[in-house]
Amino acid sequence: SEDHIASDLIERAGCEVVPVIVGAFPRSRGTGVFGRRGRSKLLDRFKDLGVMAQNRCDGVFPSRAVHRADKHARSAAVAAARSLDQVGCDVIFGSGMSMPLAYLKRCVPVIYATDATARLVIDTYPKMRALGRGRRVAMLNQETRAVGNADAIVVPSSYCRRSMIVDHGARADQVSVVALGANIVPDILIEIPTPAPVDRNLDLLLTAADPDRKQLPLAVEVSSELRSRGWHVRLHYVGPRHACCAADDVVWAGELRMGVPEDARRHRSLLKACHLAFLPSIGVMYGIAPIESAAFGRPAIVSDVGGLPSVVRDGVTGRVIPLQTPITGWADAIEAMVTRPERYAEFSQAAHQRYLKELNWDAWGHTVRGLAEELVSAGG
């Protein structure tokens with residue numbers, strides 16, 4: 001789980017970590033069960049109907065949904081406090097734990113870490129916007145209470161930091177931007193800077209769990225435009241099957257899962273083979289895929305939404321392009337990055353250096369440890 005990953009990283013940074021298990025608490029069905037493999041379509045349909053009914057109920061009786069969520073949050077806080085009483089700690093660290101942190105009675109500093117605010121999640125993801133009004137209000141309330149109960153807040157982007165301050169009342173000095181790291185990294189020595197495309201052969205990589213939100217269809221159009229300009233383009237796509245997989249330009253890799261060794265090897269081979277990461281997303285909290293490409297010395301071209309401008313430094317480690325840019329504009333930007341070998345080498349070198357210095361999990365862990373030490377010193 002994300003909590004276990006954060007715990008391991010902080011421990012690797014030299015801290016002694018004592019896990020506190022809050023326990024499982026019932027969620028509103030309005031949060032949804034978005035499908036699991038091996039389940040019948042009929043059962044999925046019944047689940048969908050249940051979600052729709054719960055959302056409708058939460059919309060008609062919002063106060064009931066708020067009360068239910070508030071009750072769960074208080075129970076979570078009591079369970080957390082009970083566990084904390086049994087251990088001695090200098091700092092409480094909660095990763096994505098707005099529910100128990102909202103009402104937690106604490107006697108030591110609290111660091112709250114998350115990659116998104118409730119406001120951003122609701123605004124970005126259609127399934128979250130579809131929740132009943134009561135459930136959405138409860139999410140926003142709990143986030144704001146957790147912010148007010150934390151001494152320091154760790155977020156990965158300026159986009160998220162701004163929302164913490166504007167939407168949830170955080171103080172500017174309370175919120176630190178700490179970059180996340182790559183989940184797929186080179187397993188052997190790679191050539192840096194990466195060789196530029198040869199003979200106008202160009203390989204692009206788009207990784208997306210939600211291909212429509214990440215604009216796979218637009219990527220296919222950009223690829224076609226580049227082909228019309230004489231480039232031999234292959235658009236490699238990692239994600240669920242989509243109608244675009246049938247396009248001539250698209251090479252579908254399937255849904256690659258990090259926990260499967262063969263999938264991880266396949267993912268690494270794509271990161272080594274492709275020249276650019278391409279992510280023209282219409283909505284994203286952060287963007288790990290461009291970081292993974294940077295780990296392999298591959299620059300990225302992304303849209304200017306969400307946390308992507310924090311992940312990619314425009315003109316240095318890649319390009320950040322306005323979302324409304326026409327197809328020809330995207331193609332122009334890609335051509336300008338790869339046509340001159342020396343310019344592409346600069347992008348490649350800068351992307352890899354930023355990965356080594358900032359966009360890795362060890363850097364994240366050491367930064368969080370530093371924040372914890374500052375809080376302890378201030379309290380002493």
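Every value quoted in this text rests on a predicted model; they were computed, and no experiment measured them. Here, residue 1 is the first one in the sequence, and each next residue gets the next number.
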Would you say the side chain of [Y] lies within less than 4.5 Å of the side chain of [X], judging by non-hydrogen atoms?
X	Y	value
Val302	Val311	no
Val91	Ile111	yes
Gln174	Val147	yes
Pro280	Leu206	yes
Thr207	His267	yes
Tyr125	Met285	yes
Phe347	Leu276	no
Glu346	Arg343	yes

Can a donor-acceptor pair be found, under 3.5 Å and without considering hydrogens, that links the side chain of [X] to the backbone of [Y]?
X	Y	answer
Glu143	Ser98	no
Ser293	Leu271	no
Ser163	Tyr159	no
Arg257	Asp263	no
Glu292	Ala277	no
Glu335	Trp231	no
Arg227	Val233	yes
Ser348	Thr194	yes
Asp123	Leu120	no
Tyr237	Cys244	no

inquiry  = If you compare all heavy atoms of Gly287 against all heavy atoms of Leu308, which two are closest, and at what distance to 0.1 Å?
reply    =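 Between these two residues, the closest heavy atoms are CA-CD2, 4.0 Å.
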
Within 6.0 angstrom of [X] [atom1], more than 12 heavy atoms from elsewhere:
X	atom1	value
Glu342	CD	yes
Asp248	CG	no
Arg241	CZ	no

message = Suppose the criterion is salt bridge (Lys or Arg N to Asp or Glu O under 4.0 Å): which pairs have a residue in residues 157-168, not counting sequence neighbours?
response =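 As it turns out, there is no salt bridge (Lys or Arg N to Asp or Glu O under 4.0 Å) pair with a partner in residues 157-168 once direct neighbours are skipped.
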
message = Is a donor from one side chain sitting under 3.5 angstrom from an acceptor on the other, for Asp199 and His232?
response =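 Distance-only check fails for Asp199 and His232.
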
inquiry  = Can a side-chain donor-acceptor contact be found between Ser157 and Ser310 if the only test is distance below 3.5 angstrom?
reply    =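 Side-chain D/A pair, Ser310 to Ser157: absent.
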
Same cluster for [X] and [Y] if Ile/Leu/Val/Met/Phe/Trp/Tyr side chains link at under 4.5 Å?
X	Y	answer
Leu218	Val238	no
Tyr355	Leu270	no
Val108	Tyr112	yes
Leu226	Leu216	yes
Val250	Leu204	yes

ask   = Is the Phe93 ring parallel, tilted or perpendicular to the Trp364 ring (thresholds 30°, 60°)?
value =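 Plane angle over 60°, so perpendicular.
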
request  = Could you pull out all residues at least two apart from Arg313 that satisfy salt bridge (Lys or Arg N to Asp or Glu O under 4.0 Å)?
outcome  =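 Arg313 satisfies salt bridge (Lys or Arg N to Asp or Glu O under 4.0 Å) with Glu358 only.
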
key: Carboxylate-amine/guanidinium contact Arg229 Glu225, below 4.0 Å   =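 Yes, Arg229 and Glu225 are salt-bridged.
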
query = So does Asp70 pair up with Arg74, basic N to acidic O under 4.0 Å?
reply =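 Arg74 and Asp70: salt-bridged.
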
inquiry  = salt bridge (Lys or Arg N to Asp or Glu O under 4.0 Å), that's the test. Do Arg266 and Glu262 meet it? Break it down for me.
reply    = CA-CA 6 Å; Arg266 173 62 174 152; Glu262 183 56 37; over 6 Å; no

request  = Tell me, with the steps shown, if Ile192 and Ile190 meet side-chain contact (heavy atoms from CB on, under 4.5 Å).
outcome  = CA-CA 6 Å; Ile192 301 295; Ile190 56 175; 3.9 Å; yes

Listing, residues 319-330 side-chain donor-acceptor contacts under 3.5 Å, not counting sequence neighbours, or none:
residue : atom : partner : partner atom : Å
Arg319  : NE   : Asp314  : OD1          : 2.6
Thr325  : OG1  : Pro322  : O            : 2.7
Trp330  : NE1  : Thr325  : O            : 3.2

